[in-house]
Amino acid sequence: MLVEGKTVLITGAARGIGRATALLMAAEGADVAVADILPEVESTAEAVNRTGRRSLAAVFDIADPVQVRDGVRKIVQQLGNIHVLVNNAGIVNNIARLTKMTHESWSREISVNLSGAFNMIKEVIGPMREMKWGRIINISSLAATGGLDRQAGYAASKAGLLGLTKTVALEHARDGITCNAVLPGLIETELVRQMPDEIRKASVYMIPTRRMGTMEEVGRLIVFLASDGAAYINGEEIHIDGGLRLNTTTLGSRKEVTEAGR
Ligand code: NAD
């Protein structure tokens, strides 16, 4: 059991990678608090409870520091101090070239994806320091290192998360706390499955493994980073993308270029 006896808090756990990670954490022995802006997060808590582990669902907007403070306080009252924080909640609400991007949608992406993680860390770091043990795992994106066409707000927020990750790692290494970032490529979540078929096919062709990652593959990496075995991994940015970041598959091959164009 990789996280036995630990209390984990995962944001954005109503669905997708957050929900899958919650169930994997429970399978590895943790009690799991799940937070989301959507009330459907209750069903994740019920699923965790069915595994025999304790769970609690909390509905709040991570972009609002007051809601975060109240939400985390309630969780701690019921489940005890948080040993592992997974900052997973994130949004893409802003697919447009920079010239068409509104200030409002830019700000919301930064507020949720970057300030949301800051708000959460602020609430859990004090008790982690007292316990002399803590794991913070920030879910960034391949977009942080590669940029993303028509998603300046998203890419900038996810790149900002890397700076936050490394600074938390530096400031709290001596407190027994590690802070790492996970950078998924294209992961087959419920939402990604709904992409139009031709876009899915073209996207998968760009990935050297010729398949998307699964939610469980990302979840298993997060669980490992939360475990005692990962104590010396700190301030790291770990891609999990099937090699997509290498992006060299079509160079120098006429056949590959022709097939990609189909
Ligand atoms: P998802 O949209 O399926 O789940 C995200 C969850 O976050 C949702 O349940 C949503 O309600 C919640 N959320 C959104 N805004 C919130 C807020 N303000 N407060 C609280 N909760 C909020 O996404 P996913 O695909 O499972 O992605 C999870 C994380 O992984 C995100 O940070 C995303 O950017 C990142 N990521 C995903 C992929 C991918 O291919 N799926 C690739 C790279 C990075």
Side-chain angles (χ1 to χ4, degrees), residues 9-24 33-45 47 57-72 75 85-95 105 107-120 123 137-148 151 153-162 164-165 181-195 199-200 203-204 206-207 209 211-219 221-222 237-242 244-245:
L9 168 53
I10 305 176
T11 65
R15 64 181 184 219
I17 294 168
R19 182 184 164 98
T21 304
L23 293 171
L24 287 166
V34 287
D36 206 288
I37 202 165
L38 299 175
E40 288 87 330
V41 70
E42 187 62 49
S43 94
T44 306
V59 178
F60 58 84
D61 179 352
I62 57 163
D64 179 344
V66 177
Q67 288 188 39
V68 169
R69 190 168 311 137
D70 291 348
V72 173
I75 290 166
L85 168 66
V86 183
N87 280 314
N88 165 77
I91 54 165
V92 177
N93 69 340
N94 203 7
I95 301 184
S105 45
S107 296
R108 181 66 183 158
E109 272 178 337
I110 301 292
S111 298
V112 174
N113 296 352
L114 179 54
S115 305
F118 171 78
N119 296 337
M120 294 295 303
E123 295 307 319
I137 299 139
N138 295 324
I139 311 308
S140 176
S141 166
L142 181 56
T145 50
L148 204 54
Q151 293 188 36
Y154 180 76
S157 67
K158 293 295 188 179
L161 208 43
L162 301 183
L164 177 64
T165 300
V182 168
L183 286 70
L186 195 54
I187 308 303
E188 189 158 24
T189 57
E190 297 92 332
L191 292 191
V192 169
R193 274 185 207 128
Q194 290 160 21
M195 275 163 53
I199 297 181
R200 270 176 62 93
S203 306
V204 166
M206 301 286 289
I207 307 170
T209 48
R211 69 169 179 86
M212 295 184 195
T214 68
M215 295 180 269
E216 287 69 27
E217 283 171 322
V218 180
L221 171 59
I222 297 169
E237 43 187 80
I238 303 174
H239 287 88
I240 176 158
D241 65 356
L244 179 56
R245 75 196 173 284

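As the structure lists them, so they are numbered: ligands from 1, and atoms in each ligand from 1.
Ion pair Arg108/Asp64 not flagged as a salt bridge, since none of the NZ, NE, NH1 or NH2 atoms sits closer than 4.0 Å to an Asp/Glu carboxylate oxygen. Using a 4.0 Å cut-off between charged side-chain N and carboxylate O, Glu123 and Arg69 make a salt bridge.
Within the structure, every pair that satisfies the side-chain hydrogen bond (donor to acceptor under 3.5 Å, both in side chains) test and touches residues 184-194, not counting sequence neighbours, is listed here: Glu188-Arg200.
Every residue meeting the salt bridge (charged side-chain N to carboxylate O under 4.0 Å, His left out) condition with Glu237, not counting sequence neighbours, appears here in chain and number order: Lys166. The salt bridge (charged side-chain N to carboxylate O under 4.0 Å, His left out) test applied to Glu217 returns Arg211, not counting sequence neighbours.
At a 4.0 Å heavy-atom cut-off, the residues surrounding ligand 1 are Gly12, Ala14, Arg15, Gly16, Ile17, Asp36, Ile37, Leu38, Phe60, Asp61, Ile62, Asn88, Ala89, Gly90, Ile91, Arg108, Val112, Ile139, Ser140, Ser141, Tyr154, Lys158, Pro184, Gly185, Leu186, Ile187, Thr189, Leu191, listed by chain and number.
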Verdict with supporting geometry, Asn88 and Thr11, side-chain hydrogen bond (donor to acceptor under 3.5 Å, both in side chains): CA-CA 5 Å; Asn88 165 77; Thr11 65; 5.4 Å; no
